[in-house]
Amino acid sequence: MTTAPTTVAAPAVRVRGLNKTFTTGSLLARKRLHVLRDIDLTIDAGEIVALVGESGSGKSTLARCLARLEHPESGSVEVFGEDVLRTQRRGATRRYRSDVQMIFQDPFGSLNPTHRVESVLERSLRLHGGPGQSASELRSRLVELVRTVDLDPAVLSAFPHELSGGQRQRIAIARVLAVEPKVILADEPTSMLDVSVRIGILNLLAKLRDERGIAILYVTHDLASARYLADRTIVMNAGRMVEGGPSLELLDDPRHPYTRLLVSAVPDPERSEPFDAGARAELRKEVETWTSSPQQVPTAVGTAGDVGTADGPTDSEHWVLMPQENR
Amino acid sequence: MKPVLDIEELTVEYVSDERSVRGADRVSFHIAPGEILGLAGESGSGKSTVAHSIMRLLKDPARITHGVIRFDGEDVLSMSADELRSWRWREVAMVFQSAMNSLNPVMRIGDQLADVFTTHEGLGKREALRRAAELLELVRIPADRVNSYPHQLSGGQRQRVVIAMASALRPRLLILDEPTTALDVVVQQEILAQIQELQAELGFAVLFITHDMSLMLEMSDRIGVMYAGRLVELAPAEALRRRPLHPYTQALMGAFPPISGPRVKLTGLSEGVRFTEIGDLEDTGGGHFVAPTGSSHLEREVLR
């Protein structure tokens, strides 16, 4: 994919040519597993991009590379134009640590059970704001912080075990907000929560995007939630990004056989046609043909529904990785 | 038609020294032969407690303190250990969440399936293995997989093996407790299609437990919604989809964004909202029952 020349500021996140392999197996039967292949991705400030795919697709590994919890073999990760994988400067590293924050799946494991909520949050505020904050200043910032995540200030004196899963995840988000991040990486942030409070967490992420202009990478296996929350959605399969675009456009008109397979498997009470094992098998065969093709090219899906325009697609339009021979 | 399963006022208490908690509280419903009844609710709502009560699998400190469970007219709660042993699997079978991980890792798939026939039907080894191979084909796994070990199968295939095992003796009721929760969405759909196919062929009734309302609406004939051990709504799936009556059911349905149609803002259930003192179900006509919403108290608390 090529990005159209532009004069506006650098995107919040720009990933180019990222590759990552894991080595598995014993010493003698060593296998190399290509978990990320040629990943290109941008996220603008004030934008939510969803990364969807099944387990093993590489979506979490990509998020972990961005959080610098994994180190890719090749490629670059720029945050506001600065290459964060190459930099040796301590200042840049420190800035990266507060600019880019991660929210994890498990709100039960990520909060210290022996500390009250206020001391958890206070610590983040002090580390970020530096010394010289008065007690009353701190207090008002704490109250503001919990209000931002739609909780009552009374939770400040609670211990994590006294809170529900949803409340805990909100505290985890408040802690992240204390350092005023510009990018949030959210890896399946609702999958361990009770279903009725999940949507509230998604709405909170949308609010952070709209009110604070935070760029958010939302990693999920739940296509319907990506459709609900994300401005753009990118589908991953076996380490590759196979299709991307504005969420509604992409999920209402999926082009890659793998995306079509995923979308057709999402439970939909509105759907009338029954499960067709034959059609499913055809689709699987098509996935195999497409993904094993030696030459796969990102191709724009035109507004008229046609594919295969001369230029490569831009990040913001609907594109699909298709075999050269199909174009 | 006479129900295959009839539950009246089932109450289960988890008893400790200081206090007891009701895991299921005066729960009543029935399942007709060949019917798929879904039981929806969140973790801790009591849906698994109900399933385990039917199978008589509750362990201490859980105790059935009140109520009746009848299977085909027979009182399940008064069955002896011997009676239970032959009744389970033959009449009622259960597939647990992540059951695919409970297959014996050092035993071939075929031997594990054959075990069901040698134990319950007294078949010889050769005949049992033949039936095992048939069973695998029934769930669309090649018959030569009888010689495979569980680790040589994918998660989805292992879950199919477990489902095959559960339907081996043609039970009249199959209880599925979150049968696809640990699986990817494509595999999940295939497993559920498999269950529907088996059900059409063998005609068993299903008690289907999940927290996923979209899945539940697609699978079930009727749906019961549980909250805090109580059944708050019971209705045909179509009626529930079109017009959920209880505010908790509405919140649960509003918690799942749809995969098609316009994008509208959903709210789900607000943090800290609790329903208390839920009354008995009332008939609103058309087989649609709901707990009285006027008197069911709604609490909004910051903590607890």
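These numbers come from the heavy atoms of this one structure, side chains and all, not from hydrogens, waters or symmetry mates.
Each of A/L202, A/L248, A/L229 has some count of heavy-atom pairs under 4.5 Å with chain B, and the biggest count is that of A/L248. Between chain B and the residues A/H221, A/R227, A/R280, the largest count of heavy-atom pairs under 4.5 Å involves A/R227. The candidate from B/V185, B/L217, B/L252 with the greatest count of non-hydrogen atom pairs under 4.5 Å with chain A is B/V185.
Aromatic pair B/F96/B/H52: ring centres closer than 6.0 Å.
Contact of A/D268 with chain B is made through backbone and side chain together, with heavy-atom distances under 4.5 Å. In this structure, chain A has a heavy atom under 4.5 Å from the backbone of B/T267, while its side chain stays farther away. Contacts between A/D252 and chain B at a heavy-atom distance below 4.5 Å involve the side chain alone, from C-beta outward. Interface remark: B/Q188 contributes side-chain atoms only to the contact with chain A (heavy atom separation under 4.5 Å).
A side-chain hydrogen bond (donor to acceptor under 3.5 Å, both in side chains) with A/H318 holds for exactly one of A/R255, A/E243, A/R232; it is A/E243.
Remark: the B/R145 side chain and the B/S148 side chain contain an N/O donor-acceptor pair separated by less than 3.5 Å.
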> Under the salt bridge (charged side-chain N to carboxylate O under 4.0 Å, His left out) criterion, do A/R260 and A/E286 qualify, and how do the steps go?
Replying inline: CA-CA 10 Å; A/R260 276 154 49 207; A/E286 211 182 323; 3.4 Å; yes

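Atom CD1 of B/I259 and atom CG of A/D222 lie 8.0 Å apart (nearest 0.5 Å).
Note on ring orientation: taking the six-membered ring where Trp is involved, the planes of A/Y258 and A/H256 are perpendicular (angle over 60°, cut-offs 30° and 60°).
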